[in-house]
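Worksheet: one structure, shown below.
The figures that follow rest on heavy atoms only: side chains count, while hydrogens, waters and symmetry mates do not. The chains referred to below are lettered A, B, ... by the order of the sequence lines, with proteins before strands, and numbering in each begins at 1.
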Amino acid sequence: MTLVTLHNLKPTYIAAKLLANSKVYLQEQVCFESGTTYIIEATSGKGKSSLLNIIYGVHKQYEGKLTYNGIDATRIKRDQISYVFQDLKLFNELSAWENVTLKNGITSHKSVQQMEELFKSFGLEPQMHQSAATLSLGQQQRVAIIRGLCMPYKLLLLDEPFSHLDDENVRIIMEIIKKDSVEQQASVLIASLGNSDLIAADHILEL
Amino acid sequence: MNTLAKLQLKIVPAKQIVGYASVLLIGSVIVLLAAQLYLDIKPYFTEQSSVLGSRVLVASKQVSVFKTADKSGIYFQQDEIEEIRRQPFVKDVATFSTAQFEIKGFTKQKDGVPAFYTDLFFEGIPEKYLDLKTDTWDWTASDSLIPIIIPSSYLKMYNFGFAESKNLPVISENTISEMQFGIKIVGRGQERIFKGRIVDFSEKLNSILVPEQFMQWANANYGNDTNVNPSRILIDIARSDDPDLAPFFESKNIAINKEALEQNKIWFFFQLIFLFLFVIACIIIVLSVAAMLLGFNLMFYKNKSVFNNLYLIGFSNAAMTRYFQYIMLATTTLTLIAAWYITQALRLAIREKLENILRIEKANSLLLFSALLLAVLIVCTVIAIRRSVVVINKAL
């Protein structure tokens, strides 16, 4: 089942000639199916974050059309989309654990035990109550991903989520994401700079 | 404490809130005190001074040596009354209706009250000029009881002069109001006995007043049919501070009770002071709220990324501002409660001083007004805080 469809979509501030080889932008129709994992691959500055922001609904500077479950994207709520931002958007005033419970407080999606297990699986158990400001970038990325999993979603957007992680961590986290998205019958869109061999995706789209 | 509140507690503008509470406290105390004292003092100037309204003057011709024998000079002619009525500072003019029959008052020896039998005079004025505290003033021809208003000076003269010199008991206003005595009216060869009861006292009207309906009835049935011009008139003034008022009456050789005018002027100045204080205090309150909201705005802009991020991870604007709204609600409520108690304490202290020079009754407290002020402040701040966050996140 098609979850998201793009029709001739392109950010207004990127020249059309720069998108000539894109498999996503300025295409008559690009469909993202439910239960499928996609990698959106491109070098820096090609508009990966722009695409995810447009789909999430916080970026309005685009041409073309975007539908979500057949409905125009401008009319949908974001409560079915989980987004792990490139700049993570963690709160430095809070600990790693509090950053996660802050989000889970709205959704009540995970139990305390489930969240603790996620921290353990992500190798963050020792840093659980450490201030987010003092975590390494890799640790912060993992906290942001755990937070992203603390809500029911039909679409999971991850913007360069593994840029500061080692291969082993990528493999473990990808397994968890895959399992979670299958349980939720959700689509996963991962923006990546390239070299995505470790990411178990169903489709890779060149931006 | 939930995680969101913990996050917000770290960025809340505590100093500004303390400043807001302090300035709001000062403004609220002044507003409440000005309004409270206004209500406390108002009855003294508007009600207690007399059964007459405070803007009513009693006017009579000056009695000179030439008029003592020929009384015609003390009466107001119709054209004179019309001229007074035409003055810009006059709202209305009414005349005293005088009795054209004989009146006797009497009582029998009873309960230590001495018997008396005396000539009396009655006058009547339109009811709209009376600020009565009694509901027994209406009179019909079938009534056997005549309600009477006497000058309070009569009672004082009895208590501190007559009773003192004759070793008689003193009488309070309440006691005399409970007593009834006989009234006999005589005219056109007939007479009738009524009961009389004093229902109120007048501070500034030197006359014995009865209902105008009684005077009309009695003059029609017992009067000697002589149409006498009034010697005293009542003037309802529109503006007691009109500079032309006193010179006009002086030029016409008309005596007015200047005390009432002075009292009106004092009350007018009191009102100006209360209004001035009230307006200044309202400005202080508005400024305190504005400064607080500015403080919140600065806090929102300083921590813009925090609120943007909260919005992006799924928090609604309402959820983000709720905690700050609770803080403002609690601060404003506690401040106004404190202001209320301070006002009441100050009110007591000021009343103690004022009661040495004025007789003031305790007016209703301003609970409703305070509650209204609280509600307005809370609604304004709660909406403004919400709006600030909406503006910040709209820009995303």
Query raised in the report: Taking every heavy-atom pair that is under 4.5 Å apart, which of A:T101, A:N92, A:T107, A:L94 has the most such pairs with chain B?
Result: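 When all of A:T101, A:N92, A:T107, A:L94 are compared, A:L94 has the most.
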Query raised in the report: For the candidates A:M151, A:K103, A:E98, which exhibits the highest count of non-hydrogen atom pairs separated by less than 4.5 Å from chain B?
Result: A:E98
With a cut-off of 6.0 Å (strictly less than), are more than 12 heavy atoms of other residues, nucleotides or ligands near [atom1] of [X]?
{"X": "B:L367", "atom1": "CG", "answer": "yes"}
{"X": "B:Y341", "atom1": "OH", "answer": "no"}
{"X": "A:Q113", "atom1": "CD", "answer": "no"}
{"X": "A:Q185", "atom1": "CD", "answer": "no"}

Report task. Apply side-chain hydrogen bond (donor to acceptor under 3.5 Å, both in side chains) to B:S22 and list each qualifying residue two or more places apart in sequence or on a separate chain. Result ->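 If we apply the side-chain hydrogen bond (donor to acceptor under 3.5 Å, both in side chains) test to B:S22, skipping adjacent residues, there are no hits.
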Query - Exercise: identify the closest heavy-atom pair between B:V306 and A:F91 - result: O-CE2, 3.4 Å
Query raised in the report: Can you check whether B:F315 reaches A:L102 side chain to side chain, under 4.5 Å on heavy atoms?
Result: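 Touching, per the 4.5 Å side-chain cut-off.
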Query raised in the report: Tell me, side chain or backbone of A:I106 under 4.5 Å from chain B's heavy atoms, or both, or neither?
Result: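 Contact with chain B is through the side chain of A:I106 alone.
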Query raised in the report: Is there a donor-acceptor contact under 3.5 Å from the side chain of A:Y83 to the main chain of B:L312?
Result: no
Requested in this report: Check whether any side-chain N or O of B:K10 sits under 3.5 Å from a backbone N or O of A:E93 as a donor-acceptor pair, and report yes or no.
Outcome: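 Yes: the side chain of B:K10 pairs with the backbone of A:E93.
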